[in-house]
2 protein chains.
Amino acid sequence: MEKKFQAIYDLLAKEIQTEKIKAGQLLPSENELTERFATSRETVRKALQLLSQNGYIQKLQGKGSVVLEQDKLPLPVSGLTSFKELSRSMSQKVETCVTSLSCKKARGFIQQVLQCEEGTPIWELHRLRKLDGESVIYDKDFLLKELAPGITEEIAADSIYDYLEQELGLSISYAKKEVVVEEAQAEDKAIMDLGSYQQLVVVRSAVYLEDTTLFQYTESKHRPDKFRFVDFARRTK
Amino acid sequence: MEKKFQAIYDLLAKEIQTEKIKAGQLLPSENELTERFATSRETVRKALQLLSQNGYIQKLQGKGSVVLEQDKLPLPVSGLTSFKELSRSMSQKVETCVTSLSCKKARGFIQQVLQCEEGTPIWELHRLRKLDGESVIYDKDFLLKELAPGITEEIAADSIYDYLEQELGLSISYAKKEVVVEEAQAEDKAIMDLGSYQQLVVVRSAVYLEDTTLFQYTESKHRPDKFRFVDFARRTK
DNA sequence: GAGTGGTCTAGACCACGAG
DNA sequence: TCGTGGTCTAGACCACTCT
């Protein structure tokens, strides 16, 4: 059974997305929502907190909850951004080409970032992403084989996350990301359509499961003109 | 009086930062914390939720709350990032030089992004940021004069946010940000120390107050080698 | 079975905004 | 003054982990 506060969140989020409740309008008051959903106020407030965190509403003491503009939030923002989500923002044709899928023993750099024993089996996956026929994103993934034994090229060409969560029941919980700009390497120039671009936007991320296991390390290189990152952030404190 | 859940959060966050409780260890259980702080469990849980959101802990059902590694989180990340915070991550000497501070009537592009009436008085502020003597960041700020009438070059050289929040009592609430890479303009090349760099990382942000007023629009251009963005993100849903 | 976190309830009092 | 959201309480029951 779905949790109550999640159900309330889903319903209100949908009403905002479909503009059944428009930007600038007030949501029904917490007391009203409490009655409407036959629940307690704290439960309603959990749903509203989620809406607030995700940029749907702004709460105003003494007034109510105002619906915010939705327009410029094409990205899931501070959620875990997989390539599938990134490309949606570009609204273009997308192709994924698996250029390499191999199993290695952890050592050196990879062992260090995945924080595992030397010799631990690791999947190394290289993928080239094409937008409108141009190879503009190059991903290198490293993941613990133990946790995802059955990866295939077909799965890799789609979304690894979907496979992990839906097939294997693994729960991805959080990630640390770093975005920097670096010189394109010889390998990058050989495999990507860089034209005259000499630099790449590099997104490095470490992905963790619910039990805090570091499960995946990814290096994603983007041709600068095809890179865009959007964020919605609330002031902490 | 400080809120209880905030006080609990502050105390636990400090204990984690100072490694009084080390990474990998469990926090005291919610029931224990409830007793220790002489409060209710829901209040303790609010504090723990904040810790979780900010990457301090990971909650494990049936086990407890594990403290996470703090090492690689030099940036406040998904908080509102002002320049002051950004530069801290570089651990270098920082200088801010106000190159221009003027008052204009809103029109055209600026009027549009600030969503105000034509002719509304607007501060336009240009700042050059130097790291180790090199001009590597160029900020252009536009803000509603009405809300921050007393801006001076001295204030602008420090942190505008501090002035707004501490002097004027304005509460910054949330922001939308976009990060892209663009060609350096003639103006950028003239005013920044770009060397052979032809491209810049551009961070555009819209800053909103608690009452959802759009208050500030900023364009921040970074020389690519001095740009770094770090993020901690939880999987939504 | 005992202890943990996850969800939910039905109240209470407070601070703030608007009329 | 009244309705709004913000905080807090003292319970309850559930799902999960560990032994």
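Note: hydrogens, waters and symmetry copies are ignored here, and every other heavy atom, side chains too, is used. Sequence lines set the chain letters: A, B, ... in the order given, protein chains first and strands last, and positions in each chain run from 1.
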**Item:** Rounded distance in Å - CG (A/Leu48) to P (C/dC8)
**Value:** 14 Å

**Request:** Would you give the length of the straight line joining atom CD of B/Gln17 to atom NZ of B/Lys14, rounded to the nearest 0.5 angstrom?
**Result:** 8.5 Å

**Between P of C/dC14 and NZ of B/Lys3, the distance in whole Å** = 16 Å

**Message:** Measure NZ/A/Lys59 against C1'/D/dT4 and give the value in whole Å, please.
**Reply:** 10 Å

**Asked** Roughly how far, to the nearest 0.5 Å, is OG of A/Ser220 from CZ of A/Phe227?
**Response** 8.5 Å

**Selected nucleotide, minimal atom distance to B/Ser40 side chain, candidates D/dT7, C/dT7, D/dA10** = D/dA10

**Message:** Tell me whether the rings of A/His126 and A/Tyr138 are parallel (<30°), tilted (30 to 60°) or perpendicular (>60°).
**Reply:** perpendicular

**Asked** So which one's nearest nucleotide on DNA chain C is more toward 5', A/Gly62 or A/Arg41?
**Response** A/Arg41

**Prompt:** How long is the span from the CD1 atom in A/Ile8 to the CG atom in A/Leu48, to the nearest 0.5 Å?
**Reply:** 8.0 Å

**Fill in**
To the nearest angstrom, the CD-C1' distance between A/Gln49 and D/dG6 comes to 12 Å

**A/Thr43 side-chain N/O to C/dT9 phosphate OP1/OP2 under 4.0 Å** = yes

**Request:** Check every strand shown and say whether B/Leu60 touches a base, only sugar-phosphate, or nothing at a heavy-atom separation below 4.0 Å.
**Result:** sugar-phosphate

**Complete:** Atom NZ of A/Lys4 and atom P of D/dC13 are separated, to the nearest Å, by 15 Å

**Asked** Taking atom types as modelled, is there a side-chain donor on B/Ser29 or B/Asn31 under 3.5 Å from an acceptor on the other?
**Response** no

**Asked** So which one's nearest nucleotide on DNA chain D is more toward 5', A/Lys63 or A/Glu42?
**Response** A/Lys63

**Prompt:** In residues 22-36 of chain A, which ones come under 4.0 Å of DNA chain D, going by heavy atoms?
**Reply:** A/Ser29, A/Glu30, A/Asn31

**Request:** Check whether any side-chain N or O of A/Glu210 sits under 3.5 Å from a backbone N or O of B/Leu60 as a donor-acceptor pair, and report yes or no.
**Result:** no

**Asked** To the nearest angstrom, how far is A/Gln61 atom CD from C/dC16 atom P?
**Response** 6 Å

**Asked** Separation of A/Gln58 atom CD from D/dG5 atom P, in whole Å?
**Response** 13 Å

**Item:** B/Arg228 bridged to A/Glu178 by N-O distance under 4.0 Å
**Value:** yes

**Message:** Output the rounded distance in Å from CD1 (B/Ile8) to C1' (D/dT7).
**Reply:** 12 Å

